[in-house]
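See below for the structure under consideration.
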Amino acid sequence: LADAFNQVLLFLLETQEKLRKKARLELHASEDRYRKTFESAPYSISISRREDGCFYQVNEAFTRLSGYSREEAVGRTIHDLQLIPNEEERSRFLRVLQEQGEVNDFEIQYRAKDGRVLDTMLSVRPLAYEGEECLLAVVTDVTERKRAEAEKSRLEQQLRHSQKMEAVGTLAGGIAHDFNNLLQAVQGYADLLLLKKENEDFGWEELTEISQAARKASELTRQLLTFSRKVESRARPLDLNQEVGQVNKLLQRTIPKMIRIELDLQDDLHTVHADPAQVEQAMMNVGLNARDAMPEGGVLRVTTRNVTLRPGDRGCPAELKPGDYVLITLSDTGCGMDPEIREHIFEPFYTTKETGKGTGLGLSMVYGIVKNHNGAIYCESMPDKGTTFEIYFPAVPRECAKHAVEAGPDDLVGGRETILLVDDEKPVRDLAIRVLTRFGYRVLEVPDGEAAVRLFEEKQGTIDLVILDLIMPGMGGERCMEQILGIDENARILISSGFTRDGRPPVGPRYGARGFLTKPYDSGCMLREVRRTLDAA
């Protein structure tokens, strides 16, 4: 019995030893697994004493994120390493930890050893480690995600702003079109009466004033059309450094001497395809706004740079295609603007100036000019920090275009030809008929495109010229032109409008029209263009 008892006891002791060995092996394996998990985790993990905040353990991701080695980190605190630079954020974090006992996804800035400041998410849990109360901290670097979110927000804001400006531009263009028809009648009848009078005649001075007022009003509609990108530009290869030099001379004579103009122009600047008059006007408008923002003096700095936009570049303007651009930057040291004002500066008639000191069309014209050149404009401003405008123009090869040559005015000459006049506005038709018949032309009139096509087909071979309004209800001017050219491919067509869909009238061999009359036009302009079109081969 004693032997049997001893054998059972020996068996139990051996079994117990085996269990102990197995437990030790499993414990070592478990510790090894957790150690490997701790070391290979992609997130920064650290264990620190709750009592004094000193680090017990840190993993490899911690050393990569912070830049500190294990030897540098263990035994030191967050404060020693200055890992959280913002005192206010650190205090807020400690307050939440004290109140709640743990912290989940706390957004906080984290400073690495090399001085980089990162955006991170910090989570902290209590942990019993080697018999002491400790804290387990997990830090996730979200800097790239935050930047991507900010970039997405910026692009969405640009898109919303672009859509809003497009809608405002469409409205402005439509208003300008209708207003031009009214001005056409006012200016045209005044000019018609002036043809019958001499300088000393009764009423000549009053008619001249009416005509000049109509021309000034037409300038306002032209500004609206420029904003809505419905004007034709006379573009040619252009060196923007030369244009900046011209604008500098004009501004030197315009702005007070206590405002200093500084130029920083890049050599070998890319060529752009642009209308020099419009580009100068855009820069002048921005320069004059800078003058008004610096009544006590300051600095207006103008720089030019070649820039290349690549797909995916941060900060790349949303509406610009990748490629080469010329960037003009105009910065002032003036009073600046708050975000609410800056949001509306490109809208027509929006102004913060006193009544009588501005129409609110200056920057809207700049916006339209830049957009008409397939460019983009941005404004950065803060109250008391000045304002900066960045204007992008697409770069082109220097040899891509020819210089445009303008013809000088001709004497007023009439004729005996037959002209078909197509316009939905009766006052405009009546005026044109009176002017044309006074100079010997025979005029047929219709109010819409459908009637024009029928009459042209009926009178085929007897109509020498068609003056065609572009914007009409029903068929519309462009479709009417297509059908008339379908009847007679050699038909002479003169487009007349104050508004086009894309700012470029359908003139030239590609489209079919022989010329374009911008409404409102004066009688002399109409007669010269009619005669030029009729005499052209």
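Counting only distance, with no hydrogens or angles, the side chain of Asn306 and the backbone of Asp268 share a donor-acceptor pair below 3.5 Å. Asp332 contributes a side-chain N or O that, together with a main-chain N or O of Thr387, makes up a donor-acceptor pair within less than 3.5 Å.
In this structure, CG in Asn285 is found 10.5 Å from CZ in Phe389, a value given to the nearest 0.5 Å. Between Met382 atom CE and Met337 atom CE the span is 11.5 Å, to the nearest 0.5 Å. Note that the CD atom of Glu457 and the CG atom of Asp488 stand 11.5 Å from one another [nearest 0.5 Å]. For the atom pair CD of Glu390 and CZ of Arg305, the computed distance is 12.0 Å after rounding to the nearest 0.5 Å. Atoms CD1 and OH, on Ile328 and Tyr392 in that order, are 12.0 Å from each other to the nearest 0.5 Å. Atom CG of Leu263 and atom CG of Asn248 lie 4.5 Å apart (nearest 0.5 Å).
A salt bridge does not link Glu450 with Arg479: none of the charged nitrogens is closer than 4.0 Å to a carboxylate oxygen.
For the pair Arg514 and Leu494, the minimum side-chain heavy-atom distance is 4.5 Å or more. Within the 4.5 Å cutoff, side-chain heavy atoms of Met294 are placed close to those of Thr333. Two residues are said to be in side-chain contact when any heavy atoms from C-beta on lie closer than 4.5 Å; Leu527 and Arg531 fail this criterion. Residues Val466 and Ile484 form a side-chain contact, since some pair of their non-hydrogen atoms from C-beta on lies under 4.5 Å apart. No side-chain heavy atom of Asp275 sits under 4.5 Å from any side-chain heavy atom of Leu238. Side-chain contact between Arg291 and Pro256 is present, with at least one heavy-atom pair separated by less than 4.5 Å. Considering only heavy atoms from C-beta on, Lys459 stays 4.5 Å or farther from Thr418 through its side chain. The side-chain heavy atoms of Ile419 and Asp464, taken from C-beta on, include no pair separated by under 4.5 Å.
Between Ala274 and Val279 the shortest heavy-atom distance is CB-CG2, 3.7 Å. The minimum heavy-atom distance linking Val299 with Glu262 is given by the pair CG1-CD, 3.7 Å. Closest approach of Leu468 to Cys480, counting heavy atoms only: CD1-SG, 3.9 Å. Nearest approach of Thr437 to Ile433, heavy atoms of both residues: OG1-O, 2.6 Å. Nearest heavy-atom pair across His270 and Tyr325 is CD2-O, 4.1 Å. Here the closest non-hydrogen pair linking His373 and Gln278 is CE1-OE1, 3.3 Å.
The local environment of CG in Asp267 is sparse, with at most 12 non-hydrogen atoms from other residues, nucleotides or ligands closer than 6.0 Å. A 6.0 Å sphere centred on CZ of Arg438 holds more than 12 heavy atoms belonging to other residues, nucleotides or ligands.
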Arg116 vs Thr143, side chain to side chain contact (heavy atoms under 4.5 Å, CB included): CA-CA, chis, key distance, verdict: CA-CA 11 Å; Arg116 290 178 299 120; Thr143 305; over 6 Å; no
Before giving the answer on side chain to side chain contact (heavy atoms under 4.5 Å, CB included), spell out for Ile255 and Ile261 the whole-Å C-alpha distance, their side-chain angles and the decisive distance to 0.1 Å. CA-CA 10 Å; Ile255 65 177; Ile261 301 177; 3.5 Å; yes
Worked verdict on Leu251 versus Leu288 for side chain to side chain contact (heavy atoms under 4.5 Å, CB included): CA-CA 8 Å; Leu251 287 174; Leu288 294 177; 4.2 Å; yes
Walk me through it: do Leu421 and Tyr441 pass the test side chain to side chain contact (heavy atoms under 4.5 Å, CB included)? CA-CA 11 Å; Leu421 179 63; Tyr441 296 106; over 6 Å; no
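In summary, of the residues considered (Asp423, Val422, Val530), a side-chain contact (heavy atoms from CB on, under 4.5 Å) with Ile467 occurs for Val530 alone. For the side chain to side chain donor-acceptor pair (under 3.5 Å) with Thr304, the lone residue among Asp264, Asp239, Thr329, Asn241 that qualifies is Asn241.
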